[in-house]
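See structure below.
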Amino acid sequence: MRVSAYSRVRSAGISGAALAVALAWTPVAMAQDAPAADPTAQQAPEATDEGEIVVQGFRASLNSALNQKRNETAAVDSIVAEDIGKFPDSNLAESMQRVPGVALTRGDGGEGRNIAVRGLGSGFTRVRINGMEGTAQTGSSDIYGAGNSGRSFDFNVFPTEIFSSLSVRKTTSADVEEGSLGATVDLKAPKPLDFAKDFVLSATARGVYNTISKQVDPRASLLVSKKLGDSWGILASIAYQRRNIREVGYSAVDILSANTNGLDPDGAGPAALQPFCTPIGFTPVSPAVGTKGATATLCSTNNPRTSTLTAYNTVANLRRADLPNTPGSGAFLPRLPRYVNSEQDTTRIGGTLTIQFSPDDDTDISVDALYSRYDVERRDNYILGLSFGRSVTNNGQPMVSVRDIEFDQNGSLVYGLFDGVDVRSEGLVDHWISDFKQGNLNFRHRFTDKFEMTMFFGINQSVWWGPKRFQTFMDAIDTDNFSVDFRDGEATPIIGFGFDVSDPANFTYAPSLADGTVLGGFSFQGKPSKNQTDNLTAEVNTDWDVDQGLKLKIGGQFRRSDYNAYNSSPYTADTVVRALPAGTSLASITRQISGLDELFGRGAPASWAAIDPDKWDGVFDFDSIRFCRTECGAGASRIREEIKSAYVMTTFDTEDALPVKIRGDIGVRYVRTDMLAAGYISVAAPAGSTPTNLRGQYARVARGYDDWLPSGNVAIEPVENVILRLSAAKVLSRPELGQLAPTSGITATTRTGNINNPYLDPIRADTFDAALEWYFKPGSLLSVAYFKKNIKTYIQRVTSQIPFNQLGLPDALLANTNTAPTEIFTIGQPVNTPGGPLEGIEVNAQVQLDFLPGFLGNFGILANYTHVTSTIQYVLASVNGVPTVTTTADLIGLSKNTASGTLFYEDSKFSIRATGSYRDRYIRGIPASPGSNLQGNSPNLFVDASASYAITDNIKVILEAQNLTDERNNLYIDSTRKDTLFQTRIGRTFNFGVNFQF
């Protein structure tokens, strides 16, 4: 009989040595092969005569996961596929919402992308795929970070169908490799000898419909498994999905105080700064007479002064407490108020191949291969007011007249009516591809009754390749009657443009004027680019039964991670905007963006004209644009880490020798980390020597550090079906990869920059966990857990306001950006800062309602709630690296309250369930723009549902729905004002399909 890992039962008995260890040690817990639960106390999934576990249906999936949780010594929660090739949810990250303490972070289209565990964001969570640490990186819209270049794992790279289970390990032990403060997530693909039958074939075909994109997209998967005799097996799976995603909404990009782009016309200092074009007769005149065509009656050439004294003074008289002498410093306006239309064409494909050999119960050898590819082309279009994000250099806000304006008591804009506003129709095409591939060899052999060895060797590669990120825009200059209206109290405004934005004739596309007026154009944003991470893992683990109930585990591991990234720069000559050729009209290269008035509302135009990127390409030939890399100043970096570790750990199990059962482990892991960080910094090159007048200067840093990481876990069963778990450990999480590269760079259009820090130390913490679990009936659980993490060190980005010409960077970086070297840039650098405490509680319930009469007994309930608090001191501003303004707040990414609830019904043929997942507000970034203390995410509640019906034993129909309540995600800035930064509507999504099994 072949016995699976979940059904292995050890013989009873306890040695004196094991008893001594158990009684001498109390504080902690996390075991590997704990004894199976008493089958009379906990209902197990169906088992075949050969001992393999067969999971069919949502209820059996829950029971299997509950068995795994009970048999572990650590805090481990699992999700098991409810059928062959059928995960409980259509997205891996969304599946984990049901796990206590897990909060979902959504990305483009509302799809689950990352997770936070017990208040710690995705950068603190490690993910292992088939036992090996993996890296998965994708791009995203700018508001969601524009892409992941760190250690965070993007779950949306992978189709769910290629995995059979996942586990969230919230506490650690010495034999689990380090690197996580939040959790270690294990994703496992199925193996052929796990199945009871010699031959298995499962195929699923679905259609996916979304109420915003209004298209039906295909999704399909296939799994085939075959046993070859009693010892060999082979399994292959493949999954395919194509999606057309559309989301519509509003974006402010940022919220700036009115003084940010104001003008000091006489150079008299902050008190004389004028936030807008001054009214006729106002002293001092701003812009000063002669500045870019300004006169006593004109703000700029052909742009009349129409500001009213009342409106102007309303802005100027609002002043922040930290800038009491600066007019407009307390008046906050959207930087680029705009409507958003974002469309994505995505293709996701994945597959696995496993060959397994197990001649007897003592030997198991397998070779696993896994591949996934996520190909996305995103097309964003915006119609926006541009002037509020520009200074006088770009003919921006100082040339705008304010005719009427209103603010609330906190300085947030309620209503504004403006003249002289530049309006832009902007389009962005961003194409990226994420590839992941992994191969690994697993070996396990029990040499004697007391000694077992396992070995693992694996390699994987994650590549995020961006062949194109291309922006086109056309402008309408000095338009009148532009309005932003929040007066109805909604989170997003009604934007009025004052002219017909659907008529291309109202826009221009031409070279810029000599005074800096931009009349349309195009730009490239660091593409082509590539991030590639190559990982290698080799490990040996030994397991020696010292005595009955006492084991000694010793092992060692070597890991190497090699991260390489580069981007590209276009030749400066190729970035010059050219006029439309003779005979080509602007209308001939545009298209209409339509539907936002119906899909989003909020005053959005029925349509607006936008440059069609394909038609633009046909006129100006995108392929003729030349790119270069480090030889002309583009960025490149490399982070190579070699990690050598060894551990020793004792596990103990008193089994039935004592009235109280005690099992656990205690051990220590030694880790040596050696790091090489290298990169290129842009410096000036002799004029004409490179296509950009820039070149790359190489920088290199090598360093290493050691850590001793003790850990221990214990599970005590004081009475039958009740488990008390205690765990304690020292843990660490390494800095994000992008922060370690010895590079610097700026974004001229937003006047921001970053200087990285290869000398960052890891984030280290001491942790303690305690949990009480009551398995009060088969398939049911009530539990409560307490956790505390003393975070000793932290990493945060400290910003300073510095003129560009004091950064030591070449002026050539500002070429063709209309940004002057004297302008102020917000420059950030990651630094180690003191940490702080984090603690919280989890409450979890899984209840089978089989005590109810009739069909009501087929119902069940899942519910969990987590409350977390933390205290971190953040540096909001600094001068020469010395903090000048600080604040205390929660950890970035921490939601104080998260909850999930599921009501399900399942009988022999029909299954249905609905899940609601709530996430409290959380901080996305600290610090924010001057005058604002943070960027945050508003609370949200997403409701999903799923149903299936078995027509026969081999055919099942499936219906799934996501976001039934049409929830919108809302990002805001400042904890007091909560001004909306971004809100889109993603709509409801419906999956309908059929599954065949043979």
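Excluded from the calculations below are hydrogen atoms, water molecules and symmetry mates; all remaining heavy atoms, backbone and side chain alike, are included.
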Checklist entry - Side-chain contact, heavy-atom cut-off 4.5 Å: Leu586 with Met474? => result yes

Next on the checklist: For a side-chain contact (heavy atoms from CB on, under 4.5 Å) check, start with the C-alpha distance between Phe418 and Thr479, then their side-chain angles and the critical distance, and finish with the verdict.
Outcome noted: CA-CA 9 Å; Phe418 308 92; Thr479 68; over 6 Å; no

Checklist entry - Do the side chain of Asp419 and the main chain of Asn481 share a donor and acceptor less than 3.5 angstrom apart? => result yes

Checklist entry - Counting distance only, does the side-chain N/O of Asp480 pair as donor-acceptor with the main-chain N or O of Gly420 below 3.5 Å? => result yes

Checklist entry - Would you find a donor on one side and an acceptor on the other, under 3.5 Å apart, between the side chain of Ser387 and the backbone of Val421? => result no

Next on the checklist: Once rounded to the nearest 0.5 Å, what's the spacing between atom OG of Ser938 and atom CZ of Arg968?
Outcome noted: 13.0 Å

Next on the checklist: Within the 3.5 Å criterion, strictly below it, is a donor on Asp380 or Tyr382 matched to an acceptor on the partner's side chain?
Outcome noted: yes

Checklist entry - Are any of the side-chain heavy atoms of Ser425 and Val501 separated by less than 4.5 Å? => result no

Item to check | Separation between OG of Ser523 and CZ of Arg469, rounded to the nearest 0.5 Å | outcome: 9.0 Å

Next on the checklist: Any donor-acceptor pair under 3.5 Å linking the side-chain atoms of Asp154 with those of Asn114?
Outcome noted: yes

Item to check | Side chains of Gln471 and Glu426, donor plus acceptor under 3.5 Å | outcome: yes

Checklist entry - Is a side-chain N or O of Gln592 found less than 3.5 angstrom from the main chain of Ser502, in a donor-acceptor match? => result yes

Checklist entry - Taking the six-membered ring for Trp, are Tyr339 and Tyr250 ring centroids under 6.0 Å apart? => result no

Item to check | Where Trp432 and Thr138 come nearest, the two heavy atoms and their spacing | outcome: NE1-CB, 4.0 Å

Item to check | Check: Asn937/Arg924 side-chain N/O donor and acceptor closer than 3.5 Å | outcome: yes

Next on the checklist: When you compare the side chain of Ser483 with that of Ile495, does any pair of heavy atoms fall below 4.5 Å?
Outcome noted: no

Item to check | Asp944 side chain vs Asn963 backbone, donor-acceptor pair below 3.5 Å | outcome: yes

Item to check | Pair Leu263-Phe276, side-chain contact (heavy atoms from CB on, under 4.5 Å): steps then yes or no | outcome: CA-CA 8 Å; Leu263 178 63; Phe276 285 97; over 6 Å; no

Checklist entry - Do Arg602 side-chain atoms and Thr492 backbone N/O form a donor-acceptor pair below 3.5 Å? => result yes

Checklist entry - Is the gap between the ring centers of Phe524 and Phe627 under 6.0 Å? => result yes

Checklist entry - Do Ser932 and Ser929 get their side chains close enough for a donor-acceptor pair, meaning under 3.5 Å? => result no

Checklist entry - Can any side-chain N or O of Thr508 pair as donor or acceptor with the backbone N or O of Asp475 at less than 3.5 Å? => result yes

Item to check | Working for side-chain contact (heavy atoms from CB on, under 4.5 Å), residues Glu377 and Val429 | outcome: CA-CA 7 Å; Glu377 182 175 282; Val429 177; 4.2 Å; yes

Next on the checklist: We want to know whether Ser412 and Asp979 form a side-chain donor-acceptor pair, criterion being a heavy-atom distance below 3.5 angstrom.
Outcome noted: yes

Next on the checklist: Using a 6.0 Å distance limit plus a 45 degree cone around the ring axis, check whether Arg335 lies over the aromatic ring of Phe388.
Outcome noted: no

Item to check | Option passing side chain to side chain contact (heavy atoms under 4.5 Å, CB included) with Arg379 (candidates Asp345, Ile593, Leu428) | outcome: Asp345

Let me check something: any side-chain donor-acceptor pairs from residues 616-623 under 3.5 Å, sequence neighbours excluded? List them with distances.
| from | atom 1 | to | atom 2 | distance (Å) |
| --- | --- | --- | --- | --- |
| Trp616 | NE1 | Tyr509 | OH | 3.0 |
| Asp617 | OD1 | Phe622 | N | 2.6 |
| Asp621 | OD1 | Asp623 | N | 3.3 |

Next on the checklist: Could you check whether any side-chain N or O of Thr308 sits under 3.5 Å from a backbone N or O of Ala311, counting only pairs where one atom can act as donor and the other as acceptor?
Outcome noted: yes

Checklist entry - Within 45° of the six-membered ring axis of Tyr240 and under 6.0 Å from that ring's centre, is NZ or CZ of Arg348 located there? => result no

Checklist entry - Does the side chain of Glu247 come under 3.5 Å of the side chain of Ser342 through a donor N or O and an acceptor N or O? => result no

Checklist entry - Who pairs with Arg305 by salt bridge (Lys or Arg N to Asp or Glu O under 4.0 Å), at least two apart in sequence or on another chain? => result none

Item to check | Asn506 vs Asp500 side-chain heavy atoms within contact, under 4.5 Å | outcome: yes

Next on the checklist: With side-chain hydrogen bond (donor to acceptor under 3.5 Å, both in side chains) as the criterion, how do Thr517 and Asn395 come out once you've worked through the C-alpha distance, each side chain's angles and the decisive distance to 0.1 Å?
Outcome noted: CA-CA 6 Å; Thr517 301; Asn395 297 338; 2.6 Å; yes

Item to check | Test side-chain contact (heavy atoms from CB on, under 4.5 Å) applied to Tyr374 and Thr347, step by step | outcome: CA-CA 6 Å; Tyr374 187 42; Thr347 301; over 6 Å; no

Checklist entry - Can any side-chain N or O of Thr291 pair as donor or acceptor with the backbone N or O of Ala294 at less than 3.5 Å? => result no

Checklist entry - With a 4.5 Å limit on heavy-atom distance, are the side chains of Phe804 and Glu823 in contact? => result no

Next on the checklist: Would you say that Val253 contacts Leu981 through its side chain, given a criterion of any heavy-atom pair below 4.5 Å between the two side chains?
Outcome noted: no

Checklist entry - Ignoring hydrogens and geometry, is there a side-chain-to-backbone donor-acceptor pair from Arg373 to Asp435 under 3.5 Å? => result no

Next on the checklist: Here's one to test your reading of the geometry: is the NZ or CZ of Arg106 within 45 degrees of the ring axis of Phe942 and under 6.0 Å from its centre?
Outcome noted: yes

Checklist entry - By salt bridge (Lys or Arg N to Asp or Glu O under 4.0 Å), which residues pair with Asp408, not counting sequence neighbours? => result none

Checklist entry - Do Ser607 and Ser594 have side-chain atoms, one donor and one acceptor, less than 3.5 Å apart? => result no

Checklist entry - Do Phe407 and Phe486 make the cut of ring centroids closer than 6.0 angstrom? => result no

Next on the checklist: Go through it in stages, so that I can follow the logic: the residues are Arg242 and Asp217, the test is salt bridge (charged side-chain N to carboxylate O under 4.0 Å, His left out), and I'd like the CA-CA distance, side-chain angles, deciding distance and then a yes or no.
Outcome noted: CA-CA 6 Å; Arg242 190 177 73 240; Asp217 301 313; 5.2 Å; no

Next on the checklist: If the test is side-chain hydrogen bond (donor to acceptor under 3.5 Å, both in side chains), which one of Asn341, Asn210, Thr984 qualifies with Arg246?
Outcome noted: Asn341

Checklist entry - Under a 4.5 Å cut-off applied to non-hydrogen side-chain atoms, are Met399 and Cys277 in contact? => result no

Next on the checklist: Taking the cut-offs as 6.0 angstrom to the six-membered ring centre and 45 degrees off its axis, would you call Arg985 and Phe600 a cation-pi pair?
Outcome noted: no

Next on the checklist: Apply salt bridge (charged side-chain N to carboxylate O under 4.0 Å, His left out) to residues Lys292 and Asp515 and explain how you reach the verdict.
Outcome noted: CA-CA 6 Å; Lys292 297 195 172 184; Asp515 66 356; over 6 Å; no

Checklist entry - Once the angle between the rings of Phe482 and Phe497 is folded into 0 to 90°, is it parallel (under 30°), tilted (30 to 60°) or perpendicular (over 60°)? => result perpendicular

Checklist entry - Is any side-chain heavy atom of Tyr571 less than 4.5 Å from a side-chain heavy atom of Val576? => result no

